[in-house]
Amino acid sequence: MTQEQKVSVGIVGASGYGGVQLVRLLKEHPFVELAYLGGDSSAGKPYSDLYPHLGHSINLNVEAIDLEIIASRCQVVFLGLPNGLACDLAPPLLAKGCKVLDLSADYRFTSLETYSKWYGKERQDQAIASTAVYGLPELYREEIKNASLIGCPGCYPTASLMAISPLLKQGLILPETTIIDAKSGTSGGGRQAKINMLLAEADSSIGAYNVAGKHRHTPEIEQICSDLAGHEVRVQFTPHLMPMVRGILSTVYATLRDPNLVRDDLITIYNAFYRTSPFVKILPGGVYPQTKWACGTNLCYLGIEVDPRTDRVIVMSAIDNLVKGQSGQAVQCLNLMMGWEESLGLPQMCFYP
Ligand SMILES: NC(=O)C1=CN([C@@H]2O[C@H](COP(=O)(O)OP(=O)(O)OC[C@H]3O[C@@H](n4cnc5c(N)ncnc54)[C@H](OP(=O)(O)O)[C@@H]3O)[C@@H](O)[C@H]2O)C=CC1
Ligand SMILES: CC(=O)N[C@@H](CCC(=O)OP(=O)(O)O)C(=O)O
């Protein structure tokens, strides 16, 4: 592909953690040209002032968010902003002919009533929101290929849904027995300063938060679980903050309908379900994933176990929250939207240890 044939791409929210992952991935993507980096408090600064380690390869300034400028330069726009801002920017960008991939929650919900209840913002853009596709390629690959607007999933929902989808889609579990115990690194909270993310607070300590259906990812997970099961599903989701920077480990428990199913049956079922998904790695029996294995990659490792004493299946899912849980998944969606190979420009080998 020549320089002129490359697709020009902009990142609004380039100064954040999602933004800097996108910069890393898109700069190395063979079919993409970075044409615009936008921010709020960082506008006007050279990008290398924010991230000096990228000074050798990113020679762009962060610019103010100006829709005319963005649309005149970019065919595709990634929005990496706090929740509640993308729904003001996406409609005019779409009207100007851009494709939009939003990393926030603004376009993840089919019901704007549910969105408003959890995110506290009244919305008028139901018509546009209805055209958005939930950006989890392993479940909605064909829909993503034809979409102009993608609502990229949250990090906890990505890890959790990858673990539970084959079970729900094939009716293998009693859905209401589903328990999701998930742990995240601190980068999941973004780059803005927060007291609970200080080293002195987060290091050498683990704790749950937003327990008993109070985390905003609960309705997001339930929406997709319900879609897969074909009826309304409630799950028990408990997030934990871990003393590490990157990664999510989501462990899902559910009761099997058929107590005769054994681990190897389920491993076969998972391999078949994800046979066309290049980023999903089903581990052999007795091997359980670690977040470190996914670090910096767009992979999702799944470990599967059955406890015959309780008839429960236990699925462990490990991802990098900033890559498969956010920016990498958005690039995976871009590849599909453009008709490119799904794995183009996306790392599959972690740095280790
Ligand atoms: N971190 C994660 O693991 C995941 C995050 N997400 C979602 O992705 C989105 C981005 O997250 P993340 O990168 O972590 O966030 P960060 O807090 O690291 O970055 C936020 C970005 O938004 C910009 N911004 C903040 N306030 C405004 C405003 N009022 N107007 C315009 N721009 C603004 C900031 O610009 P500036 O610095 O110039 O002020 C910055 O570029 C969020 O919606 C988040 O929920 C989704 C999945 C995973
Ligand atoms: C560790 C941590 O703080 N994680 C964040 C989730 C990040 C994310 O994916 O949030 P969005 O749905 O808004 O995109 C949290 O629990 O709020």
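Atoms within each ligand, like the ligands themselves, are counted from 1 in listed order. The chain is numbered in sequence order, starting from 1.
- Looking at Pro82, Ala43, Gly13, Gly18 and measuring to atom 24 (N) of ligand 1, the nearest heavy atom belongs to Pro82.
- Residues Glu220 and Tyr156 bring no donor and acceptor atom of their side chains to less than 3.5 Å of each other.
- Side-chain polar atoms of Arg141 and Ser277 form a donor-acceptor pair below 3.5 angstrom.
- Distance from atom 13 (O) of ligand 2 to its nearest protein heavy atom, with residue and atom name: Arg216 NH2, 2.8 Å.
- Contact annotation for Cys152 and ligand 1: no heavy atom of the residue comes within less than 4.0 Å of the ligand.
- In Val12, neither the side chain nor the backbone holds a heavy atom less than 4.0 Å from any atom of ligand 1.
- Between the side chains of Thr158 and Gln329, at least one donor N or O sits under 3.5 Å from an acceptor N or O.
- In this structure, the protein non-hydrogen atom closest to atom 7 (C) of ligand 2 is Gly188 O, 3.0 Å.
- Atom numbering of ligand 2 starts at 1 in the shown order; those under 4.0 Å from a heavy atom of Gly185 are 1 (C).
- The pair Glu138-Lys324 meets the salt-bridge criterion, since a charged nitrogen lies less than 4.0 angstrom from a carboxylate oxygen.
- For ligand 2, the atoms sitting less than 4.0 Å from at least one non-hydrogen atom of His217 are 6 (C), 8 (C), 9 (O), 10 (O), 11 (P), 12 (O), numbered in the order shown with element in parentheses.
- Near Arg108, meaning under 4.0 Å from one of its heavy atoms, ligand 2 places the atoms 11 (P), 12 (O), 14 (O).
- The shortest heavy-atom distance from His217 to ligand 1 is not under 4.0 Å.
- For the pair Arg263 and Tyr288, the cation-pi criterion (under 6.0 Å, within 45° of the ring axis) is not fulfilled.
- Close approach of ligand 1 to Asn83 (heavy-atom distance below 4.0 Å) involves ligand atoms 43 (O).
- Between the side chains of Asn335 and His29, at least one donor N or O sits under 3.5 Å from an acceptor N or O.
- Less than 4.0 angstrom separates some heavy atom of Tyr209 from each of these atoms of ligand 2: 1 (C), 2 (C), 3 (O), 4 (N), 15 (C), 16 (O).
- Interface of Ser15 with ligand 1, defined as ligand atoms under 4.0 Å from a residue heavy atom, comprises 34 (C), 35 (O), 36 (P), 37 (O), 38 (O), 40 (C), 41 (O).
- Residue Asn83 has at least one heavy-atom neighbour below 4.0 Å for each of these atoms of ligand 2: 13 (O).
- Nearest heavy atom pair, residue Ser165 against residue Leu228, reads OG-CD1, 3.3 Å.
- When the heavy-atom distances from atom 32 (N) of ligand 1 to Leu81, Leu22, Leu103, Thr186 are ranked, the shortest goes to Leu81.
- Proximity of Leu85 to ligand 1, defined as any heavy-atom pair under 4.0 Å, is confined to the side chain (atoms from C-beta onward).
- If you number the atoms of ligand 1 from 1 as listed, the ones under 4.0 Å from a heavy atom of Leu322 come out as 1 (N), 2 (C), 3 (O).
- Atom CG of Asn59 sits in a sparse spot, with 12 or fewer heavy atoms from other residues, nucleotides or ligands closer than 6.0 Å.
- Ring planes of Tyr140 and Tyr134: perpendicular class, angle over 60° (limits at 30 and 60°).
- Residue contacts with ligand 1 for Gln329 are absent, since no atom lies close enough (heavy atoms, distance under 4.0 Å).
- The proximity of Ser184 to ligand 2, defined as any non-hydrogen pair under 4.0 Å, is limited to the side chain.
- Which parts of ligand 2 touch Met197 is read off a 4.0 Å heavy-atom cut-off, strictly below it: atoms 3 (O).
- For ligand 2, the atoms sitting less than 4.0 Å from at least one non-hydrogen atom of Tyr156 are 16 (O), numbered in the order shown with element in parentheses.
- Of all atoms in ligand 2, numbered sequentially from 1 with element shown, those under 4.0 Å from a heavy atom of Leu241 are 1 (C).
- The 12-atom threshold is not exceeded at CD of Glu232, counting heavy atoms of other residues, nucleotides or ligands nearer than 6.0 Å.
- The existence of a salt bridge linking Glu222 and Arg234 is confirmed by a sub-4.0 Å separation between a basic side-chain nitrogen and an acidic carboxylate oxygen.
- Residue Gly39 approaches ligand 1 through these ligand atoms, each under 4.0 Å from one of its heavy atoms: 38 (O).
- Shortest contact from atom 15 (C) of ligand 2 to any protein heavy atom: His215 NE2, 3.4 Å.
- Near Arg191, the atoms of ligand 1 lying under 4.0 angstrom from a non-hydrogen atom of the residue are 16 (P), 17 (O), 18 (O).
- The shell of residues lying under 4.0 angstrom from ligand 2, judged by heavy atoms, excludes Gln326.
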